Amino acid sequence: MTEQEEIEYHESLITMLEMIWGEGFLSPGGAEEVALLLAGEDIKDKKIIDIGCGIGGIDVLLARDYGAGSVVGVDIEQPVLDHSIARAKNEGLSDRITYQLVKPGPLPFEPASFDVVFSKDAMIHIPDKESLFDDVYRILKPGGLFVASDWMRRDENPPSPEMMHYIKMEGLSYGMGSPERYEKSLAKAGFVDIKLRDRNAWYSVISGEEYQQMKGDLYPQMEAKLGREYADRSVEIWRSMNVVLESGELRPGHLRAIKPDRY
Ligand SMILES: C[S@@+](CC[C@H](N)C(=O)[O-])C[C@H]1O[C@@H](n2cnc3c(N)ncnc32)[C@H](O)[C@@H]1O
């Protein structure tokens with residue numbers, strides 16, 4: 001599936017993911033993982049776009065804790081953006097954090113609009129990595145920074161039955177690529193100083209702990225909030241995710257690259 005027609009990040013999924021990953025996050029690691037992603041980068045006063053911003057917890061960090069000049073969060077789903085808009089307002093940051101609903105495909109921004117293109121665990125939903133990174137390059141200013149985390153797959157071979165099962169359980173539109181494909185697509189777009197950081201070992205441990213919690217202490221709370229069927233399905237998602245993390249086929253990782261400054 002290349003283009004989704006329905007809301008995928010519905011309220012039950014948002015509730016479930018926030019129970020595991022923390023308020024405002026639809027991806028693992030919270031503020032610490034964002035800190036690792038941004039280690040050594042200075043984003044103070046910079047103009048940032050967050051592609052696939054979800055429910056906006058990270059945008060608050062970028063503006064409040066890292067001093068970003070402005071953050072534009074874009075997403076293809078309005079319900080997550082409604083959460084984000086409310087969060088920025090509650091934090092008193094609506095002047096520096098704004099949100100925009102976009103369609104999949106080229107982003108509706110002029111060339112060289114941003115100092116930083118940020119994305120956390122959202123590009124998995126965009127199958128055409130080559131067009132994606134051409135577009136990321138286009139909207140970045142010369143000298144601009146691309147920094148992202150994403151769910152990647154070990155290689156471009158057909159997914160294993162275990163991976164197929166995991167993707168089916170998630171029920172989300174995934175278009176995964178290998179780290180090598182990301183790297184090649186970034187280089188082809190014109191990026192330099194490309195760096196990748198594998199996060200499989202880190203998240204394998206965490207997700208194992210999350211699975212134990214979901215089966216144990218967290219289960220009654222999940223069942224009460226989401227119903228037994230949804231709670232059981234969520235536990236099965238984590239079980240099947242652990243299988244492909246442990247086999248090394250699912251490879252969460254970080255990406256960083258620079259658009260050369262030609263001037
Ligand atoms: C796993 S969530 C991550 C949200 C947020 N970055 C975080 O880490 O909490 C992925 C988000 O990407 C959004 N998304 C999916 N396809 C997209 C696209 N083509 N452009 C922008 N956002 C997209 C989804 O709607 C969802 O909100």
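Because the structure is a prediction, the values reported are computed rather than measured. When a ligand or atom number is given, it counts from 1 through the structure's own listing order.
Only side-chain heavy atoms of I126 come within less than 4.0 Å of ligand 1; its backbone N, CA, C and O stay farther off. With a 4.0 Å heavy-atom cut-off, ligand 1 is reached by the side chain of Y9 but not by its N, CA, C or O. Using a 4.0 Å cut-off between heavy atoms, S119 makes no contact with ligand 1 at all. At a heavy-atom distance under 4.0 Å, only side-chain atoms of I58, from C-beta outward, approach ligand 1.
At a threshold of 4.0 Å, the pair E236-R233 does not count as salt-bridged, since none of the basic side-chain nitrogens sits closer than that to a carboxylate oxygen. With respect to E33 and K120, no salt bridge is recorded, no charged nitrogen being found less than 4.0 Å from a carboxylate O. Between K188 and E130, none of the side-chain N atoms (NZ, or NE/NH1/NH2) sits under 4.0 Å from a carboxylate O, so this pair counts as no salt bridge.
Heavy-atom proximity to E77, at under 4.0 Å, picks out these atoms of ligand 1: 25 (O). Each of the following atoms of ligand 1 lies closer than 4.0 Å to a heavy atom of F25: 9 (O). Listed by number with element, the atoms of ligand 1 under 4.0 Å from a non-hydrogen atom of K120 are 3 (C), 5 (C), 6 (N), 8 (O).
Residues passing the side chain to side chain donor-acceptor pair (under 3.5 Å) test with D45, sequence neighbours excluded: none.
At a cut-off of 3.5 Å, with distance as the only test, a side-chain donor of K129 or Y182 sits close to an acceptor on the other residue. When only modelled atom types and interatomic distance are considered, D59 and Y99 share a side-chain donor-acceptor pair under 3.5 Å.
At a 3.5 angstrom cut-off on N or O pairs, H125 does not count as close to ligand 1. Residue-to-ligand polar distances keep D121 apart from ligand 1: every N/O pair is separated by 3.5 Å or more. Looking at L26 next to ligand 1, an N or O pair under 3.5 Å apart turns up.
When ring centroids are compared, F146 and F118 stay outside the 6.0 Å threshold.
Remark: among candidates G54, A148, G52, A122, the nearest residue to atom 6 (N) of ligand 1 is G52, based on non-hydrogen atoms.
The salt bridge (charged side-chain N to carboxylate O under 4.0 Å, His left out) contacts involving residues 95-118 comprise D115-K141, where partners must be two or more places apart or lie in separate chains.
G57 does not count as a contact of ligand 1, since none of its heavy atoms falls under 4.0 Å from the ligand.
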